[in-house]
Amino acid sequence: MNSSSKSITSTSKFLSLVLRHQPDVVGMKLDPEGWLPIDELIENANRQGKQWTLSLLHEVVASCEKKRFTLSEDGLKIRANQGHSVPNVELNLEPIAPPEVLYHGTVFAFLDSIREQGLLKRSRNHVHLSADIETAMKVGARRGKPVILTIHSDAMHESGHVFYLSANGVWLTDTVPVSFIDFPEQT
Ligand code: HQG
């Protein structure tokens with residue numbers, strides 16, 4: 001990794017912290033839809049020793065493979081597309097019918113508890129599901145050897161569960177009862 005991609009990665013990590021979890025680390029509060037004014041964010045971050053510029057943040061937004069962040073149409077605000085734990089952030093996504101199945105990448109250590117409780121959102125505002133197995137593998141691999149659960153999302157939807165699709169293609173729902181989860185056989 002060269003020094004410029006290092007600074008993009010560290011900026012992206014700090015931005016995720018601020019825009020999803022702890023805006024107070026730069027003394028700010030997300031607006032009800034999760035936005036922060038970008039100029040003020042840069043000023044506040046720089047007061048804490050960062051060396052951010054508008055063009056650095058534009059580069060972070062554009063180069064992020066997972067498209068974690070969005071700039072508002074007028075370019076004055078920035079927000080995270082999903083992953084929030086800040087309460088009461090309303091992304092104003094439209095409910096949307098999911099495909100027949102979705103996937104959730106997790107690890108063996110959580111399976112007993114998932115078998116008992118289903119998938120819970122825990123510290124985040126939604127349970128996060130992936131449209132394809134490859135993405136779910138990457139999500140699970142953040143914690144160890146990934147285990148992929150298959151979620152019968154169409155059946156969930158039919159029985160009244162609401163789904164949203166984030167701007168970066170992550171499926172969001174409130175909870176997944178265990179009856180809609182297929183566990184892999186060897187687990
Ligand atoms: C597990 C990343 C025990 C769940 C990813 C997961 C994603 C349970 C962990 C996004 C459970 C929560 C979200 C239960 C769920 N008992 N464990 N009943 N229910 N779990 O990080 O889905 O790179 O909040 O399996 O790509 O891992 O940050 O959710 O392992 O899109 O942009 O509890 O974060 O995106 O962990 O990941 P998380 P997640 P970024």
Side-chain angles (χ1 to χ4, degrees), residues 1 5-23 25 30 33-36 41 57 59-71 78-91 93 96 98-99 101-153 156 161-187:
M1 213 185 258
S5 54
K6 250 191 221 156
S7 95
I8 288 190
T9 305
S10 65
T11 304
S12 172
K13 287 192 170 162
F14 192 71
L15 258 186
S16 286
L17 174 75
V18 170
L19 294 175
R20 290 171 167 179
H21 308 299
Q22 286 181 262
V25 298
L30 304 185
E33 295 181 354
W35 299 103
L36 283 184
L41 169 61
L57 292 204
E59 204 180 337
V60 169
V61 172
S63 67
C64 178
E65 216 180 291
K66 290 173 89 177
K67 296 194 173 27
R68 291 186 175 94
F69 314 106
T70 294
L71 294 170
I78 185 168
R79 77 173 178 184
N81 287 324
Q82 35 70 228
H84 298 79
S85 61
V86 171
N88 305 322
V89 169
E90 179 47 74
L91 296 170
L93 301 171
I96 171 171
V101 294
L102 289 167
Y103 303 95
H104 180 81
T106 187
V107 286
F108 185 78
F110 295 157
L111 291 185
D112 281 350
S113 161
I114 295 173
R115 278 198 175 90
E116 260 173 44
Q117 304 174 318
L119 287 174
L120 304 177
K121 51 194 174 179
R122 304 188 109 194
S123 64
R124 303 205 197 233
N125 296 352
H126 296 97
V127 170
H128 289 224
L129 302 171
S130 309
D132 59 89
I133 292 177
E134 201 193 337
T135 307
M137 292 284 272
K138 286 188 196 152
V139 175
R142 286 150 58 234
R143 299 202 155 76
K145 186 170 168 240
V147 173
I148 305 302
L149 308 180
T150 303
I151 310 303
H152 292 277
S153 38
M156 279 180 70
H161 288 265
V162 179
F163 286 79
Y164 304 94
L165 182 57
S166 76
N168 61 338
V170 178
W171 285 88
L172 307 171
T173 194
D174 205 43
T175 179
V176 180
V178 72
S179 58
F180 295 105
I181 304 175
D182 273 354
F183 293 83
E185 267 170 30
Q186 69 277 23
T187 61

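Indexing begins at 1, ligand by ligand and atom by atom, following the structure's order.
Counting non-hydrogen atoms of neighbouring residues, nucleotides and ligands closer than 6.0 angstrom, the CD atom of Glu134 reaches no more than 12 such neighbours.
Here Lys66 pairs with nothing under the salt bridge (charged side-chain N to carboxylate O under 4.0 Å, His left out) rule; sequence neighbours left out.
Protein residues having a heavy atom under 4.0 Å from any atom of ligand 1 are Arg20, Lys66, Arg68, Gln82, His104, Thr106, Phe110, Ser113, Ile114, Gln117, Gly118, Leu119, Leu120, Arg122, Arg124, His128, Val139, Arg142, Arg143, listed by chain and number.
For Gln117 and Ser113, the side-chain atoms include at least one donor-acceptor pair closer than 3.5 Å. In the model, His161 has no side-chain atom that pairs as donor or acceptor with a side-chain atom of Asp174 under 3.5 Å.
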Set out, in order, the CA-CA distance, both residues' side-chain angles and the distance that settles side-chain contact (heavy atoms from CB on, under 4.5 Å) for Lys121 and Asn125, then state yes or no.
CA-CA 6 Å; Lys121 51 194 174 179; Asn125 296 352; 5.7 Å; no

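Taking CG from Leu30 and NE2 from His21, the interatomic distance works out to 11.0 Å, rounded to the nearest 0.5 Å.
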